[in-house]
Amino acid sequence: VSFPLGDQVTVEQLTLDSHPVLAMLRETEPVSWLPALSGWLVTRHDLARQVMREDELFTVDDPRFSTAQVVGPSMLSLDGRAHSRHRGPFASAFRPAQVRGRFAPFVEETVARLIERIRPAGTAELRRELAGPLSVAVIAESLGMADADPGMIMDWYAAIVAGVSAISAGQPLPDEAGSAFAQLQKAVRQDLACPAADSMLAAAAMPPYELAVTEIVSNAAVLMFGGIDTTEGMIANLVVHALTEPARWQILLLDPGLIPVAVEESLRLEPTAAVVDRYATADTELAGARIAAGDLVIVSIAGANRDPAVFTEPNEFRLDRTNLRLQLAFATGPHFCLGMDLARLQARTVLTQLLDALPGLRLDPDHPSPARGLVFRKPTEVRVRWDPTE
Ligand code: HEM
């Protein structure tokens with residue numbers, strides 16, 4: 001079988017304007033070999049779901065997985081029982097009841113504080129002035145590092161991300177990544193030595209999980225890796241979607257009950273984590289494609305989320321969909337996003353408070369904000385204006 005469309009696809013296309021190309025692939029080559037990615041790309045909703053759910057056949061546990069090369073084995077890079085052991089202690093801290101009780105007041109206060117800071121100006125870049133600092137503060141709070149300097153946490157994070165990018169590009173691990181990781185390790189050890197009553201990290205060290213310190217550090221790094229860029233991007237995409245049509249913003253002002261729907265629809269249209277990687281553990285066939293043991297299989301969540309077989313008028317932002325629970329922005333199967341309730345809380349809180357606090361909020365027409373990116377998709381900046389009040 002040949003894949004004439006897949007043959008032609010470039011990384012640039014997928015980074016800049018991916019949706020038309022994903023639509024073409026989905027229609028005729030729903031599992032296609034892409035030389036540009038050295039892997040298979042899965043763009044149909046049913047097949048994407050199947051690959052993410054069948055973790056024995058499509059594993060994350062492979063030495064090529066770049067994040068694991070930087071942070072060590074963690075929930076993100078293990079399957080089966082080892083995965084449950086690593087994920088278990090953190091999962092309980094992010095359950096809906098915990099999110100409502102422990103995080104909601106923190107998120108509300110943080111969003112209010114960040115908006116208060118920009119409010120007098122009448123103009124702002126919401127990615128760096130709101131979405132970014134919020135996502136960092138929430139992760140720091142969840143890790144018990146709320147008192148740490150957010151700038152320092154951002155530096156660690158940036159160094160770890162740079163490390164993952166270097167490894168993905170076949171380069172050696174930069175020194176900064178190693179030293180950031182060492183500093184994170186020190187902070188985690190300090191927390192474990194003298195934990196707060198609700199310390200998630202300390203709970204992971206205790207029965208029934210009994211993770212070793214190095215394992216806790218790896219999972220803490222994965223929480224940072226999984227929860228900062230993604231959340232920042234989710235909020236940036238949401239603000240752009242909500243403001244693109246002034247009528248849409250008016251609808252949300254009149255009926256704030258639609259805010260959760262707007263959040264899901266935005267996640268469907270532009271899932272910030274556009275792809276997830278798996279490795280085939282055996283030869284297999286998927287929609288006519290012959291996948292060999294060891295092949296990289298990339299699930300296009302962005303492709304699956306616009307599958308017309310599931311979502312009518314898939315390229316339209318609509319607030320009247322009744323099947324949004326089928327959108328896959330937070331993945332599915334054993335690795336479904338651990339932070340999804342916390343992420344949703346942040347997105348809803350931001351939208352609620354923006355609607356309340358900034359009258360006449362609109363996108364700055366001089367600075368368009370298209371989403372871009374191969375793995376993490378978001379606008380580089382979200383410049384907005386509003387009518388400043390006293
Ligand atoms: C508070 C914010 C967040 C936290 C703490 C968080 C944390 C995590 C963690 C720890 C995992 C790995 C779970 C495992 O392997 O068992 C994960 C998976 C995932 N997260 Fe999140 N996340 C957050 C926000 C988001 C957002 C906003 C998105 C996208 C819009 C997202 C998309 C995903 C996806 C697609 C996966 C699956 C990865 C895979 O299967 O390979 N996450 N998340």
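In listed order, ligands and their atoms are each counted from 1.
- Of the protein's non-hydrogen atoms, the one nearest atom 42 (N) of ligand 1 is Cys337 SG, 3.0 Å.
- The distance criterion of under 3.5 Å between nitrogen or oxygen atoms is not met by Asp277 with respect to ligand 1.
- Per-residue contacts place Gly227 under 4.0 angstrom from the following atoms of ligand 1 (heavy atoms of the residue considered): 2 (C), 3 (C), 4 (C), 23 (C).
- Using a 4.0 angstrom heavy-atom cutoff, Pro271 does not count as in contact with ligand 1.
- Considering only non-hydrogen atoms, atom 40 (O) of ligand 1 lies nearest to Arg278 out of Met52, Arg278, His86.
- Between Gly226 and ligand 1, an N or O atom pair is found at a separation short of 3.5 Å.
- Residue contacts with ligand 1 for Val60 are absent, since no atom lies close enough (heavy atoms, distance under 4.0 Å).
- Distance from atom 35 (C) of ligand 1 to its nearest protein heavy atom, with residue and atom name: Ala329 O, 3.4 Å.
- Phe311 and His45 have perpendicular rings, their planes meeting at more than 60° on a 0 to 90° scale where under 30° would count as parallel.
- Between His335 and the options Val276, Leu78, Asp79, a side-chain contact (heavy atoms from CB on, under 4.5 Å) holds for only Asp79.
- A side chain to side chain donor-acceptor pair (under 3.5 Å) with Lys378 is found for one member of Thr272, Thr230, Asp229 and no other, namely Asp229.
- What sits closest to atom 28 (C) of ligand 1 on the protein, heavy atoms only, is Phe330 CE2, 3.5 Å.
- Between Trp40 and Trp33, the angle of the ring planes goes over 60°, which puts this pair in the perpendicular group of the 30/60° scheme.
- Nearest approach of Gln346 to Ser135, heavy atoms of both residues: OE1-CA, 3.8 Å.
- A cation-pi arrangement is absent between Arg49 and Phe336, since the terminal nitrogen or guanidinium carbon is not both under 6.0 Å from the aromatic centre and inside a 45° cone about the axis.
- At a 4.0 Å heavy-atom cut-off, ligand 1 touches Leu76 through backbone and side chain alike.
- Residue Leu267 touches ligand 1 through its side chain alone, judged by heavy-atom distances below 4.0 Å.
- Protein heavy atom in closest approach to atom 2 (C) of ligand 1: Thr231 OG1, 3.3 Å.
- When only non-hydrogen protein atoms are considered, atom 25 (C) of ligand 1 lies nearest to Thr230 OG1, 3.4 Å.
- Residues Leu173 and Phe181 form no side-chain contact, since every pair of their non-hydrogen atoms from C-beta on lies 4.5 Å or further apart.
- An N or O contact shorter than 3.5 Å links Arg87 to ligand 1 by distance.
- Under 4.0 Å from ligand 1, heavy atoms of Met75 appear from its side chain as well as its backbone.
- Only the side chain of Gln346 comes within 4.0 Å of ligand 1, counting heavy atoms alone; its backbone N, CA, C and O stay farther away.
- Counted by atom type alone, Ser218 and Ser74 present zero donor-acceptor pairs between their side chains at under 3.5 Å.
- Looking at ligand 1, you'll find an N or O of His335 within less than 3.5 Å of one of its N or O atoms.
- The nearest heavy-atom contact from the protein to atom 38 (C) of ligand 1 is Val276 CG1, 3.8 Å.
- Checked against Glu265 for a salt bridge (charged side-chain N to carboxylate O under 4.0 Å, His left out), the options Arg318, Arg321, Arg306 give a single hit: Arg321.
- Taking distance alone, with nitrogen or oxygen atoms compared against 3.5 Å, His83 approaches ligand 1 more closely than that limit.
- Gly339 N, 3.8 Å is the protein heavy atom nearest to atom 7 (C) of ligand 1.
- Neither the backbone nor the side chain of Glu270 comes within contact range of ligand 1; no heavy atom lies under 4.0 Å.
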Kindly indicate, with the supporting measurements, whether the criterion salt bridge (charged side-chain N to carboxylate O under 4.0 Å, His left out) is fulfilled by Arg325 and Glu264. CA-CA 8 Å; Arg325 70 196 155 73; Glu264 292 312 293; over 6 Å; no

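- In this structure a side-chain-to-backbone donor-acceptor pair under 3.5 Å is present from Ser165 to Val161.
- Contact between Phe94 and Met200 at its shortest, heavy atoms only, is CE1-SD, 3.6 Å.
- Taking each of Leu342, Leu338, Val99 in turn, the one with a heavy atom nearest to atom 9 (C) of ligand 1 proves to be Leu338.
- For the residue pair Arg53/Thr332, the side-chain donor-acceptor check at 3.5 Å is satisfied.
- When only non-hydrogen protein atoms are considered, atom 5 (C) of ligand 1 lies nearest to Ile139 CD1, 3.8 Å.
- With contacts defined as side-chain heavy-atom distances shorter than 4.5 Å, the pair Arg290/Asp283 does not qualify.
- Under a 4.0 Å criterion applied to the non-hydrogen atoms of Leu223, ligand 1 contributes the atoms 10 (C).
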